[in-house]
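Below is one structure, written out as C-alpha cells; comments come after it.
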Amino acid sequence: MRILMIAPPGAGKGTQGAIIAAHFQIRHIATGDLLRAHVADQTALGLAVKRHLDVGELVPDQIVLEMVREALLEAKHAGGGYVLDGVPRTMAQARATYDIGSELGMTANVALYLKADDQELTRRLLARAAVEHRADDTEDVIARRLALYRELTHPIVEWYHQRGILVSVDAMRPVEEVGREILAALEVMRTLVDQVPEEARHAVDLTNIGSPFNQTRQP
Ligand code: AMP
C-alpha cells in the first residue's frame, strides 16, 4: 500500500499514520516529526526551519521534497509501501510528490482524507499543548496553521478525488473508532489497488457514516 494523508492539524494523522504503518507493515513518513527531530538535534537544517515551525508557517518546498525523496527511496528498499503523513501541503507539493513517486515507480495509490471541523481541531490541539508542549500548539499559531490548511492544503483533496484514489473518513469520533474505519476502508482499497486501474475507481466517502451509527446505538 502506498498511502498519503491529507488532514488539518489536530485531525490525528500522526496517530492514524502509525496505526496504518503497523497494520500494513509499511514505512510511516511524517515530515513534521522529521523536521522536529532536526530542530531538537540542532542540525543545520533544524536551525534553518525552526522559525517556520515555531510560527506555524510552511517550510520551503525544496527542504521538504528532498526529505520526501530520501524517505521514499528508503521505503522502496524496505518493500515499497509507505504512509506519507504531512505531505503534500500545497498543490505544488502534490505535483512534486507525484513526480518523485513516478520517478521511483511508487506513486501513491490511496489518498486518505481525515475530515474534522475547526472548533474540534482547536480543542484537540490545545489539549495536546498541555501534554506535549509543542511550540506550535498555542492559540495564535493553531489559528495560523488551520488557516493555511484551509487555504493551501484542502484544495488538493479534490485533485485526488478526480484521480479516483480518495478515501474520506470522519475524524471527529474517538481515535480507535476512526482507526478501525480507516483500516477497514484501506483493506477494501487494497483489493481494488491490485485489480482496478485508478481511472476506473470511485472515491470512497465515509464522512457521513458516523451519524446514522450513533443514532442507532442510542437507547
Ligand atoms: P505537522 O507535524 O504535520 O503538523 O507539521 C508541523 C510543522 O512542520 C508544520 O506546521 C510546518 O511548519 C512543517 N511542515 C511539515 N510538513 C510540511 C510540508 N509538507 N511542507 C511545509 N512545511 C511542513
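Indexing begins at 1, ligand by ligand and atom by atom, following the structure's order.
Side-chain N/O atoms of Thr138 and Asp140 include no donor and acceptor closer than 3.5 Å. Side chains of Glu158 and Gln162: a donor on one and an acceptor on the other come within 3.5 Å.
Taking every heavy atom of Arg134 and a limit of under 4.0 angstrom, the matching atoms of ligand 1 come to 2 (O), 4 (O), 6 (C). Each of the following atoms of ligand 1 lies closer than 4.0 Å to a heavy atom of Thr31: 15 (C), 16 (N), 17 (C). Interface of Gln93 with ligand 1, defined as ligand atoms under 4.0 Å from a residue heavy atom, comprises 18 (C), 19 (N), 20 (N), 21 (C). Close contacts of ligand 1 with Val87, meaning ligand atoms under 4.0 Å from a residue heavy atom, involve 19 (N).
Contact annotation for Leu35 and ligand 1: only side-chain heavy atoms (C-beta onward) come within less than 4.0 Å of the ligand. Contacts of Val64 with ligand 1, taken as heavy-atom pairs under 4.0 Å, involve the side chain alone.
Summarising the geometry, atom OG1 belonging to Thr97 is positioned 11.5 Å from atom CZ belonging to Arg95; distances are rounded to the nearest 0.5 Å.
The residue from Arg144, Arg51, Arg145, His52 that alone fulfils the side-chain hydrogen bond (donor to acceptor under 3.5 Å, both in side chains) condition with Glu57 is Arg144.
Taking any N or O of Asp85, backbone or side chain, none lies under 3.5 Å from an N or O belonging to ligand 1. Considering backbone and side-chain N/O of Val59, one or more are found under 3.5 Å from N/O of ligand 1. By the 3.5 Å distance cut-off applied to N or O atoms, Arg36 is counted among the residues near ligand 1.
Around the CD atom of Gln119, the shell of radius 6.0 Å holds no more than 12 heavy atoms that belong to other residues, nucleotides or ligands.
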